[in-house]
Number of protein chains: 2
Amino acid sequence: MKPDRLKRYSLLQELSSRGVRMTGQRKVLVELIQESEDHLDAATLLERARQRDPGINRATVYRTIELLKRLRLIDELDLMRLNGEKHFYEARTNVDHVHLACFECGKVEEFSSPLFERLKQEITRVNGFTIRVTRLEVGGRCRSCCAQVRTPIECGEETCCKSLKNLNC
Amino acid sequence: MKPDRLKRYSLLQELSSRGVRMTGQRKVLVELIQESEDHLDAATLLERARQRDPGINRATVYRTIELLKRLRLIDELDLMRLNGEKHFYEARTNVDHVHLACFECGKVEEFSSPLFERLKQEITRVNGFTIRVTRLEVGGRCRSCCAQVRTPIECGEETCCKSLKNLNC
DNA sequence: AATCAATTTGCAACTCGATGTCAACTGAAA
DNA sequence: TTTCAGTTGACATCGAGTTGCAAATTGATT
């Protein structure tokens, strides 16, 4: 399933329906997360927010992220530490999905599948575990990078990670 | 599948077979990771290592972790930030498995399933993605906590997270 | 056993994402 | 419009992880 097939929650709507106070700063931040095509980290979010409200503070960004996370309106991602320690955020979707992070080019694809839903059901059934959040991240080499690069991914090869850091590979 | 059904790689063996220089510090660290029942973070690993070799340094711990990660001999986990920003490590297993982190009691269960393997195959087939590492973490409430606690997990309830921090819930 | 280049370690300073504190401010209910 | 709990900005602080470099160690070679 393509990313654009995934439905994102309307954050503003959810917030107001839950009686959360809507400040100017929150509105800007929430809109940015909602609109964003890519996965935002806190620093990028701050940077973009300052273009709309120059006075906005870093702490507010983190506090808003915290709020949205607690309300389960956004998901937090690591993207296999493709870009270091940062965390990334996205508006929640109606269906959980996998993030495929390419160690070669850094691209991140999204993928959802009924198999994932079945796996979740199995977890609940077999372990008696009530699932609240899931995070499935996969690291490797995307289709176009596989086509370009001759050498297969080899364990321990220095060459396989090239310029990227913290690859887990 | 129970954790003890998962086979872990023998780290020392793998390292020597790949011609990695074996220093005293590495031996201690690698043995500790191998022996450990639970998932170790860097600080805990350092602490335990110092009981065997008091002079061992923090930087060495991180460098060894980095080495093992690059050689794909250990996996890195977040455990849904159950305990803050720390990363956790475990010797790789023959089969990928899910980590189920209970937000209530902090317990971490492991679970592997053919469905997970099928999902991985599907990812490869549909997306043309060559998988190198996977990380599937699930947060929620474990069986015994579900039995104890009356209230279901509710979005935005302050009570659902209680003393634990950074719950993503 | 002694030699030696290459690798690894310890140390300490540093980076950087994230959090805590507190006075000042503000959204929205009355 | 007033009121005040909730929110923000400023700034200090935290803590996990990294880095540069001199000294120490490894293990292959003689």
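By convention in this document, chain letters (A, B, ...) are assigned in the order of the sequence lines, proteins followed by strands, and residues within each chain are numbered from 1.
Each of Thr134(B), Ile123(B), Leu136(B), Asn127(B) was scored for a side chain to side chain contact (heavy atoms under 4.5 Å, CB included) with Val98(A), with one residue passing: Ile123(B).
In this structure, Arg81(A) atom CZ and dG17(C) atom C1' are separated by 12 Å, rounded to whole Å. As a whole-Å value, the separation of Arg18(A) CZ from dG6(D) P is 18 Å. Between Lys86(B) atom NZ and dG17(D) atom P there is a gap of 9 Å when expressed in whole angstrom units. dG17(D) atom P lies 12 Å from atom CD of Glu66(B), rounded to whole Å. Whole-Å rounding puts the Leu46(A) CG to dT8(D) P distance at 13 Å. If you measure from atom CD1 of Ile56(B) to atom C1' of dT9(C), you get 10 Å, rounded to the nearest angstrom. In this entry the distance linking CZ of Arg70(A) with C1' of dG6(D) reads 15 Å, nearest Å. With rounding to whole Å, Ile65(B) atom CD1 is found 16 Å from dT8(C) atom P.
Look at Tyr62(A) and you'll find a side-chain N or O under 4.0 angstrom from OP1 or OP2 of dA18(C). In this model, the phosphate group of dG17(C) is not approached by any side-chain N or O of His87(A) to a distance below 4.0 Å at OP1 or OP2. Close to dT9(C), at under 4.0 Å from its OP1 or OP2, lies no side-chain N or O of Asn57(B).
Checking His99(B) against Glu109(B) by side-chain atom types alone, no donor-acceptor pair falls below 3.5 Å. Side-chain atoms of Gln25(B) and Thr60(B) include no donor-acceptor pair closer than 3.5 Å. At a cut-off of 3.5 Å, with distance as the only test, no side-chain donor of His39(B) or Glu76(B) sits close to an acceptor on the other residue.
Side-chain atoms of Arg58(B) and base atoms of dG17(D) include a donor and an acceptor less than 3.5 Å apart. Donor-acceptor pairing under 3.5 Å, judged by distance alone, is present between the side chain of Arg63(A) and the base of dG9(D).
At the heavy-atom level, Ala43(B) lies nowhere under 4.0 Å from the strands shown.
Panel note: side chain Arg26(B), backbone Arg21(B); a donor-acceptor pair is recorded below 3.5 Å. A side-chain donor-acceptor contact under 3.5 Å links Glu137(B) to the backbone of Asp78(B). Without hydrogens or angle criteria, Asn94(B) side chain to Lys7(B) main chain gives a donor-acceptor distance under 3.5 Å.
A heavy-atom distance below 4.0 Å to DNA chain D is reached by these residues of residues 19-40 of chain A, ordered by number: Arg21(A), Thr23(A), Gln25(A), Arg26(A).
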